[in-house]
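Worksheet: the structure to be examined is printed underneath.
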Amino acid sequence: MSANTADKDNNVSTNKNISLPISRVRLIMKSSPDVSNINQEALFLTTKATELFVQYLAVSSFNNGSGKGSKSLSYSDLASTAEEKDTFHFLTDILPKKILAGDYLKTLEQIEDEEADI
Amino acid sequence: MAERPEDLNLPNAVITRIIKEALPDGVNVSKEARRAISQAASVFVLYATSCANNFAMKAKRKTLNAADVLAAMEEMEFERFLEPLREALEVYKKGKKEVSEQKRKEKEKKETDNDKSREEEDDEERMEEEPEAENDAEEEEVEN
């Protein structure tokens, strides 16, 4: 029974059932304060969804990003995707856009100026 | 419970592999980007859990179930995940059923010829090692 499926499995490694560790996902889920119990199916689905999410975030950021020509994916590609795509908006806190300290100071000055004008 | 903050990270090797498989061949993913995606994945789990938990609470249930997770995906506007998730769930359920049927058969067998041969014991041991039997499951997914 397992013999004939084994070679198929090699061709479609991306179709593997699940590669993230379920136990770790459960730990993260349980760290949420108001969650008491999670059934097996919910746990399985969350794990699978997380894998899909990782793929989706990586692909979207790569396609949107500046590194398409040079075949690279950088942090700033991710940060812009988080900012520009609505579905990834919840990531803006952990994927802040990097700006130069000098630019930041300028923005601060501008804000202060504007506030002074009012 | 999580004792160290690292416990809430997902394993880097696995995350890296998933990213690699998703992107075209030869794309270089910076270390910073990989770490960011991994952290994003942890946040995604928390966000999904909290959404799913809201649905469970609304229904006055204490246990998160599959429907809650699927509803959460919709709420989070990850509808694109619904179809693959449903398929994966079917496969998962099927795999589980087969395993439990296998176990039941084994049990029956044990009860009927309890004091019989030793060769069969080998057989049973081999079968018991397969509860993760996802091989069939994978085949199913391919066909779809």
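In what follows, every chain begins at residue 1, and chains take the letters A, B, ... in the order their sequences are listed.
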Which region of [X], side chain (C-beta onward) or backbone (N, CA, C, O), has a non-hydrogen atom less than 4.5 Å from a non-hydrogen atom of chain A, or is it both or neither?
X        : value
Tyr47(B) : side chain
Lys93(B) : side chain
Val69(B) : side chain
Arg61(B) : neither
Asn53(B) : side chain

To the nearest 0.5 angstrom, please state how far the CE atom of Met73(B) sits from the NZ atom of Lys48(A).
-> 13.0 Å

Proximity breakdown for [X] and chain B, heavy-atom pairs closer than 4.5 Å:
X        : answer
Phe53(A) : both
Leu78(A) : side chain
Leu20(A) : both
Leu95(A) : side chain
Leu57(A) : side chain

Return the option, out of Lys68(A), His89(A), Gln40(A), with the maximum number of heavy-atom pairs under 4.5 Å with chain B.
-> Gln40(A)

Residue, of Ala49(A), Ala58(A), Ser74(A), that accumulates the most heavy atom pairs under 4.5 Å with chain B | Ala49(A)

Close side-chain approach of Leu85(B) and Leu52(A), heavy atoms under 4.5 Å | yes

Just wondering, do Ile18(B) and Gln55(A) contact through their side chains at under 4.5 Å, heavy atoms?
-> yes

Evaluate the criterion side chain to side chain contact (heavy atoms under 4.5 Å, CB included) for residue pair Val43(B) and Asp93(A); output intermediate values, then yes/no.
-> CA-CA 10 Å; Val43(B) 171; Asp93(A) 283 346; over 6 Å; no

Taking the six-membered ring for Trp, are Phe90(A) and Phe44(B) parallel (under 30°), tilted (30 to 60°) or perpendicular (over 60°)?
-> tilted

